[in-house]
Amino acid sequence: MPLDILPSACPHDCPSTCALEVERLDSHRIGKVRGAADNSYTAGVVCAKVSRYAERQHHPDRLARPLRRVGPKGQGIGAFEPISWDDALDEVAEAFIRETQRHGPEAVWPYFYAGTMGLVQRDGIERLRHVMRYSRQHQTICVSLADAGWFAGVGVRRGVDSREMAESDLIVVWGGNPVSTQVNAMTHISRARKSRGAKLVVVDPYRTGTAAVADLHLPLRPGTDGALVCGMLHVLFKEGLVDRAYMARYTDVPDELEAHVATRTPDWAAEITGLDPQAIVDFARLYGRTRRSFIRVGYGFSRSRNGAANLHAVSCLPAVTGAWQYRGGGALYSNGGLYPLDKTLIEGLDAKDCSVRVLDQCRIGPILLGDRRDLGDGPPVTAMLIQNTNPMVVCPDTTKVRAGFARDDLFVCVHEQFMTDTAAMADIVLPATTFLEHDDVYIASGHTHIQVARKVVEPFAEARSNHAVLCGLAERLGADHPGFRMSEWELIDAMLAASGLPSAAEIHAARWYDCALDFETAHFLNGFGHPDGRFRFKPDWAAIGRDHERMPSLPDFAPIIDAADAEHPFRLVAAPARQFLNTSFTETPSSRAREGRPTVLVHPKDCARLGITEGSRVRLGNRLASVVLHARPFDGLQPGVLVVESIWPNGAFEEGLGINALVSADPGPPKGGGVFHDTAVWMRPA
């Protein structure tokens with residue numbers, strides 16, 4: 001009997017948004033999950049963790065019914081009792097109404113992020129927020145710093161089509177690890193290496209899986225990317241490896257840039273980055289002499305206080321050499337801005353009031369503890385609805401986050417698939433569907449397709465979709481908006497119609513709709529995104545964010561990082577783990593077994609100096625907290641640099657406190673952003 005294979009799309013927080021083929025065994029169970037072979041980007045490839053999705057879909061610990069907490073916060077499933085859906089939604093609505101009457105609507109803070117990237121299930125919470133005038137959310141966990149850096153130069157959130165990497169002669173993966181975090185990119189890189197003899201260069205503080213297979217790896221110190229770029233620019237100008245005609249036509253101040261980098265020599269850059277000066281020269285020459293050079297800009301190096309400045313600096317390179325002019329040349333950070341979508345109905349943008357305060361999601365700890373720098377003159381946050389995220393583990397300064405959630409006067413409803421660290425702190429926990437159990441529509445940052453996905457199997461037990469929960473609350477709260485009276489499919493279809501795109505049924509039948517731009521537009525040969533059409537070496541940072549005074553006027557190393565010092569001699573990077581995706585998949589036995597345990601990678605010279613060997617217990621700490629984990633000697637980074645691949649749940653650490661306890665909640669300039677890879681720490685044997 002032939003297998004029942006249904007189409008879907010991966011919803012997880014990854015640029016690839018893979019087109020999937022799912023084996024359906026019956027109306028409630030799935031088998032294998034594969035990448036769609038006929039999708040030109042996915043190309044039949046899917047990461048190992050999603051290929052094992054049946055393990056997560058049918059996990060015995062999935063939440064099955066609504067729960068009310070009757071025991072201590074943080075204890076877990078044993079502190080809850082089952083209740084009906086009606087009672088659960090009634091209690092949540094009553095709490096929101098009560099807190100609104102006491103403090104005003106801004107006391108309620110709906111909180112979400114990217115546990116699913118589907119536009120209906122992820123962003124519908126914004127509709128409830130806007131209609132009810134609840135506190136707004138500044139989304140700073142992932143892309144705020146990167147967006148600022150890319151917009152500064154390019155002016156629009158798009159770049160060259162990822163599939164063009166197959167036509168490149170040099171691919172530079174800068175601050176990313178696609179072997180672990182965007183496996184499809186490696187398909188197109190491999191095609192270029194096999195068919196064209198293309199070179200792969202990786203710029204990253206440690207030898208990732210991608211760096212291990214590269215032709216060249218530049219393991220610079222964390223947060224020093226801007227210095228490396230300036231050292232490269234010095235060589236490019238000095239040796240005539242620039243395209244002056246291109247710069248004259250397409251950029252703003254090439255003469256100022258040339259004068260600026262005249263003093264930024266490779267020796268100067270080497271002192272800051274820790275790289276060999278000749279390695280900087282050689283990389284600059286390789287890049288400058290290769291017309292079809294493609295920079296795949298990752299998110300990693302932007303998660304630093306100077307991350308926006310660093311990303312802007314990297315984006316300047318193809319504008320100096322004119323690489324944008326050639327197929328397989330240019331750069332890509334994200335193509336999320338090329339989709340012509342009108343999300344008014346899904347997000348309730350017609351009800352949005354910009355006078356309602358905005359709270360920074362990365363600063364949830366200080367916010368819940370009443371920090372007036374965040375709350376302003378408004379009320380405390382006393383009620384929350386949380387969907388698609390796990391701030392007790394994901395957010396910076398975990399100690400404050402935990403203390404905030406521990407408040408007796410804070411009401412929290414968490415809508416989740418598992419009893420996460422955050423769900424364990426909630427008053428009401430609601431069981432959520434997975435992407436295979438509801439309809440949604442997806443765009444991507446790593447490719448150019450819109451995908452519409454129907455549910456593949458029926459919801460597990462009593463699980464309900466995000467949209468269903470929001471509609472149920474809206475009814476009880478009196479939130480009047482047409483989006484709450486529509487099904488998921490109707491919302492998708494209406495958004496597509498308002499955007500001038502094919503219907504939901506048409507896109508679903510075709511499997512995807514490609515929004516790829518023509519060559520001239522994608523390569524900015526018709527002009528960049530700024531009003532004058534020019535790439536900006538000299539950005540208008542003030543137009544991007546309020547905290548602009550610390551930004552360099554031209555590409556440079558901005559020394560505003562949490563620098564190592566005598567008390568904190570190590571720089572820590574909390575990098576993504578291959579088998580986890582943020583905190584998703586940390587519950588599956590296969591992913592946990594492959595990751596082992598929380599581990600810190602330490603250079604052998606540092607190990608010898610501190611008497612650390614394989615498996616040694618060590619304590620990392622700073623002014624915020626300290627955590628215990630196990631060490632692994634690793635020569636793929638510089639002395640003084642530590643890497644912890646995470647995000648393990650807090651309970652996976654010996655003392656119940658995870659790695660983000662060491663990460664500051666300071667916002668990165670110019671408009672905020674999490675600084676997860678910008679942490680100075682001490683280390684000692686535990």
Please answer whether the main-chain N or O of Gln137 pairs with a side-chain N or O of Gln361 as donor and acceptor at a distance below 3.5 Å.
no
With ring centroids as reference points, do Tyr53 and Phe435 lie under 6.0 angstrom apart?
yes
Take Arg578 and Glu595, measure what side chain to side chain contact (heavy atoms under 4.5 Å, CB included) needs, and give me the verdict at the end.
CA-CA 8 Å; Arg578 184 167 188 170; Glu595 289 299 328; 4.0 Å; yes
When rounded to the nearest 0.5 Å, the distance separating OG1 of Thr398 from CE of Met392 is 8.0 Å
Report the residue from His12, Gln387, Arg122 that forms a side chain to side chain contact (heavy atoms under 4.5 Å, CB included) with Thr116.
Arg122
Output a table of donor-acceptor pairs, distance under 3.5 Å, between side-chain atoms of residues 340-350 and any protein atom two or more places apart or on a different chain; print 'none' if there are none.
residue: Asp342; atom: OD1; partner: Thr344; partner atom: N; Å: 3.0
residue: Asp342; atom: OD1; partner: Thr344; partner atom: OG1; Å: 2.6
residue: Asp350; atom: OD1; partner: His481; partner atom: NE2; Å: 2.9
residue: Asp350; atom: OD2; partner: His481; partner atom: NE2; Å: 3.4

Just to verify, what does Arg56 make a salt bridge (charged side-chain N to carboxylate O under 4.0 Å, His left out) with, not counting sequence neighbours?
Glu587
CG/Asn466 to OG1/Thr433 distance, rounded to the nearest 0.5 angstrom?
6.5 Å
Sequence neighbours left out, what passes side chain to side chain donor-acceptor pair (under 3.5 Å) with Ser503? Give chain and number order.
Glu506
Are there more than 12 heavy atoms of other residues, nucleotides or ligands under 6.0 Å from atom CD of Glu475?
no
Distance flag, aromatic centroids of His58 and Phe460, threshold under 6.0 Å:
no
Contact between Thr181 and Tyr299 at the side-chain level, heavy atoms closer than 4.5 Å - yes or no?
no
Using the side chain to side chain donor-acceptor pair (under 3.5 Å) criterion, which residues pair with Thr586? Sequence neighbours excluded.
none
Parallel, tilted or perpendicular for Tyr333 and Trp150, by the 30°/60° rule?
tilted
Residue Lys73 excluded, over 12 heavy atoms near NZ under 6.0 Å:
yes
Can you list the residues that meet the salt bridge (charged side-chain N to carboxylate O under 4.0 Å, His left out) rule with Glu458, with sequence neighbours excluded?
Lys455
Checking Lys400 now: which residues fulfil side chain to side chain donor-acceptor pair (under 3.5 Å) with it, not counting sequence neighbours?
none
Just verifying a value: how many Å separate Ser84 OG and Asp90 CG, rounded to the nearest 0.5 Å?
7.5 Å
Hey, what do you get for CD (Gln57) to NE2 (His28), rounding to the nearest 0.5 Å?
10.5 Å
Once ring-ring contact (aromatic ring centres under 6.0 Å, His included) is applied, what residue pairs with a partner in residues 407-426 remain, sequence neighbours excluded?
His59-Phe418
Under the rule for salt bridge (charged side-chain N to carboxylate O under 4.0 Å, His left out), what residues qualify as partners of Arg464, not counting sequence neighbours?
none
Does some side-chain heavy atom of Ile450 sit less than 4.5 Å from a side-chain heavy atom of Leu501?
yes
When every non-hydrogen atom of Glu488 is compared with those of Ser465, the smallest separation belongs to OE2-OG, 2.7 Å
The criterion is salt bridge (charged side-chain N to carboxylate O under 4.0 Å, His left out); which residues satisfy it with Glu23, sequence neighbours excluded?
Arg34
Can you list the residues that meet the ring pair (Phe, Tyr, Trp, His ring centres under 6.0 Å) rule with Tyr113, with sequence neighbours excluded?
none
Checking Thr448 now: which residues fulfil side chain to side chain donor-acceptor pair (under 3.5 Å) with it, not counting sequence neighbours?
Arg163, Asp514
Write out all pairs satisfying salt bridge (charged side-chain N to carboxylate O under 4.0 Å, His left out) with one or both partners inside residues 424-443, taking only residues at least two apart or from two chains.
Arg62-Glu437, Arg69-Asp427, Asp439-Arg454
